[in-house]
Amino acid sequence: VFAPEFRLTRSLLVGVLLSAFLIAALPRAVTYSFRRLNAAVLHRHESDDAAATRLFGAETTRALDLIREALRPGEPYILFDDDCGAARFWVRNALAPHPALLISHQLKRTTRLRWVSTASLRVVVCNEDGSPPDFYERREFLAEQGVLDGH
Amino acid sequence: MATEIIAGLGDVALFAIPGFALADLVPALRATPWPRRIAYGFLLGVAAVSGTLYAASHTVGVPLRAPAVWSIVVLLTGTGVVAAALRRSGRPRSVRGRHGAVKFLPLAATVVGGIVSLGVFADAVTDPVKDFDGRVTWCTQARYVRAAGTVDAEVLHNGRWSISHPRYPLLLPVAQVAAQEAFGADPEKHAFRAIYAAFFPVLLLLVYDGARRWTGRSGAALAALLIAVLPVFRQGEGSASSAYSDLPLACFWGAGLVLLVFRRGRLETGLAAGLLLGAAVLTKNEGLPLVGSALLIGALAPAVGWRRASAARRQRFRRLAVASLLVFLAVGLLFSWKSGIPNREDEDYPARLANLHLDRALLSQAALVVPAIGEKMADWKNWQGFWWMASLLLCIGWRVLRRPVAWRLLAAALTPLTVGWIAYSLHWAPAHLAAVTWDRFLIQASVPFLLLIAGAATEVSRRAPGAPLVGVRQGLSRRPRPPRAEPSNAIR
């Protein structure tokens with residue numbers, strides 16, 4: 001269908017396209033790999049805690065460790081969420097396999113506190129905007145909020 | 001670090017060894033060079049070990065603990081080894097390598113693919129899971145399942161407890177749990193990330209294998225090289241560095257598709273394809289429509305003469321029936337498992353579908369969805385101009401669409417994108433959903449799409465005046481074929 005010159009042009013065009021793409025993408029791919037290998041060598045003696053601290057921050061890692069210690073094996077907890085972002089999901093993952101009863105920030109405050117007061121769970125984990133998660137005994141939490149337990 | 005590396009390699013071997021033994025039972029895979037056979041073996045291993053655990057845990061309550069994992073691994077490996085020993089004791093079969101001169105592109109693809117795979121593996125053994133869905137959904141589910149020792153964990157079944165996407169299929173979390181249980185890993189260790197990382201070299205080898213059968217070595221190497229350098233496959237959400245299930249889904253579905261479309265062979269090939277497609281069903285919700293399309297594409301006959309090729313046709317339909325049977329079993333398992341889990345914190349697409357006019361919704365959201373999709377595909381950070389290059393290349397090499405197999409690949413590549421479009425049409429925030437998920441649908445479509453790209457590039461290069469004959473075995477060869485004495489379902 002096509003003249004030989006045109007076929008040659010097509011072939012050259014494809015060659016140029018592929019070469020241009022590879023020239024743009026290849027260095028980044030190789031650099032990525034060497035960066036990751038370098039990081040692996042740099043952190044070769046790092047503990048799991050240190051790796052978590054490096055990625056998620058010292059305060060958050062420490063706070064989550066304390067909450068894990070406070071919870072009994074398999075014990076469920078109330079996740080009182082005051083954060084508009086997605087931090088609650090990260091907290092829930094870090095505390096899994098403890099089941100979480102989520103009290104969403106989207107509910108009215110009075111409704112949320114009523115849920116906390118009627119849930120027969122011991123620990124309340126508070127997740128606030130921009131600060132590491134914190135935890136309370138439920139009675140202590142409700143007393144701070146000025147609500148009587150069970151009401 | 002050394003312990004993480006060893007543990008990571010151990011986790012990968014836990015699936016690769018029984019899978020390799022299983023691959024030895026499939027003549028079409030047995031004849032494949034060993035790197036690609038390991039890739040298929042890894043996929044078969046994850047599918048068989050994790051799928052069996054999933055089914056055994058749900059149906060008969062087998063606890064997801066080390067004895068169950070090792071029993072399945074030993075049983076599968078033993079079956080493969082015994083079958084291989086019996087076969088070898090029967091009739092010795094000489095295996096001859098067919099190595100030609102090493103060309104530039106295959107060498108480049110091997111070197112670059114190897115370097116990037118090392119980088120992905122290094123990331124997996126250095127950092128804990130740091131991607132959003134990996135932490136929030138998949139690994140959290142794995143923690144609940146491991147603690148409960150069953151895929152029917154109380155946290156999933158009790159609607160009181162907060163959990164993201166409780167009805168997402170759990171094949172990969174079960175694989176993660178199997179690896180952790182088999183080696184008694186601490187829950188805070190992240191060596192299991194190596195399993196997710198292993199899907200990257202597997203994808204490269206899989207694309208190479210599929211394209212090799214159609215376009216020859218250079219076209220296949222080009223396809224693998226393109227995947228190796230594309231950032232979206234190695235870093236970020238949904239990539240091999242994450243703990244998402246999109247890359248595994250691309251591999252399972254792509255491998256099943258390659259076996260159905262490109263491999264002739266006996267029932268064992270259908271069995272392997274069925275196992276892989278069944279795994280795709282159990283990997284993600286999108287797996288079901290994707291697998292449906294793969295079976296349909298497999299059923300569409302590759303231009304076989306109706307009078308002369310009845311034997312080949314019968315063979316193909318038998319193979320397809322075996323694959324479909326395994327897929328139906330996987331679908332049955334998935335629906336049975338889901339039926340006991342109340343939905344919360346998840347989009348209920350079937351309910352939304354019932355309340356909407358899909359035909360209108362498909363177009364009405366376009367004004368919101370198209371810009372978001374365009375923005376994702378033009379994103380330099382993830383794609384580096386790939387879609388501009390790919391679109392032009394497909395336009396220049398349009399003649400590849402004269403081949404029926406190219407249409408089947410195109411149909412397959414469009415399936416995940418169609419699923420995505422339907423989901424956006426039903427969603428209350430389509431632009432946001434498209435911005436978050438479109439790249440992942442493109443990852444799912446990668447195998448058929450890259451095969452198509454390889455086909456187009458090869459088609460152009462072989463038509464160039466003075467171009468050497470591409471080392472092609474089927475499909476795009478310039479070499480005149482001798483007339484066949486027997487009916488064939490060769491790829492056209």
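Using a 4.0 Å cut-off between charged side-chain N and carboxylate O, B/D123 and A/R35 make no salt bridge.
B/L392 contributes atom CG, which lies 7.0 Å from atom CG of A/L13 (distance to the nearest 0.5 angstrom). From A/R28, atom CZ reaches atom NZ of B/K381 across 7.5 Å, with rounding to the nearest 0.5 Å. Note that the CG atom of A/L101 and the CZ atom of B/R160 stand 5.5 Å from one another [nearest 0.5 Å]. Taken from CD in B/Q141 to CG in A/N93, the straight-line distance is 10.0 Å, to the nearest 0.5 Å.
Looking at A/L121, the atoms closer than 4.5 Å to chain B (heavy atoms on both sides) all sit in the side chain, from C-beta outward. A/L26 touches chain B through backbone and side chain together, each having a heavy atom under 4.5 Å away. Heavy-atom distances place the side chain of A/R54, and not its backbone, under 4.5 Å from chain B. When heavy atoms are compared at a cutoff of 4.5 Å, B/W383 approaches chain A solely by way of its backbone atoms N, CA, C and O. Within the 4.5 angstrom heavy-atom criterion, no atom of B/F121 approaches chain A. When heavy atoms are compared at a cutoff of 4.5 Å, B/L222 approaches chain A solely by way of its side chain, counted from C-beta outward. For A/L79, no part sits under 4.5 Å from any heavy atom of chain B, backbone or side chain. Using a 4.5 Å cut-off between heavy atoms, B/P231 contacts chain A through its side chain alone, with no backbone atom that close. Contacts between B/T137 and chain A at a heavy-atom distance below 4.5 Å are absent for every atom of the residue.
Considering only heavy-atom pairs separated by less than 4.5 Å from chain A, the leading option among B/N158, B/I163, B/V112 is B/I163. Of the listed residues A/A94, A/A52, A/A51, A/A100, the one with more heavy-atom pairs under 4.5 angstrom with chain B than any other is A/A100. Highest contact tally toward chain B, considering only A/L18, A/L95, A/V30, A/L22, is held by A/L18 [criterion: heavy-atom pairs under 4.5 Å]. Highest contact tally toward chain A, considering only B/S162, B/G119, B/A228, is held by B/S162 [criterion: heavy-atom pairs under 4.5 Å]. Between chain A and the residues B/D186, B/V116, B/V155, the largest count of heavy-atom pairs under 4.5 Å involves B/V116. Counting heavy-atom pairs closer than 4.5 Å to chain B, the top residue among A/L102, A/D48, A/D49 is A/D48. Ranking B/I115, B/V129, B/V125 against chain A, the residue ahead of the rest is B/I115, based on heavy-atom pairs under 4.5 Å.
Closest of all the heavy-atom pairs between B/M389 and A/L17 is CG-O, 3.7 Å. Among all heavy-atom pairs drawn from A/W90 and B/K130, the shortest one is CH2-O, 3.5 Å. The shortest non-hydrogen separation linking B/P128 to A/L55 is CD-CD1, 3.1 Å. Between B/T126 and A/E46, the shortest heavy-atom contact is O-OE1, 4.3 Å. Taking both residues in full, the closest heavy atoms of B/R234 and A/A29 are given as NH1-CB, 3.4 Å, listed atom of the first, atom of the second, then distance. Across all their heavy atoms, B/G397 and A/R10 have their closest contact at CA-NH2, 4.3 Å.
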Given B/I5 and A/R44, is the side-chain contact (heavy atoms from CB on, under 4.5 Å) satisfied, shown in steps? CA-CA 10 Å; B/I5 293 172; A/R44 65 189 180 279; over 6 Å; no
Walk me through whether A/Y32 and B/V120 qualify under side-chain contact (heavy atoms from CB on, under 4.5 Å). CA-CA 9 Å; A/Y32 161 84; B/V120 170; 4.2 Å; yes
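Using modelled atom types and a 3.5 Å distance limit, the side chains of B/S164 and A/R92 yield a donor-acceptor pair.
Within 6.0 Å of CH2 on B/W387 lie more than 12 heavy atoms contributed by other residues, nucleotides or ligands. More than 12 heavy-atom neighbours from other residues, nucleotides or ligands sit within 6.0 angstrom of CD on A/E75. Within 6.0 Å of NE2 in B/H157 there are more than 12 heavy atoms belonging to other residues, nucleotides or ligands.
Taking 4.5 Å as the limit, some side-chain heavy atom of B/V229 sits within range of a side-chain heavy atom of A/F21.
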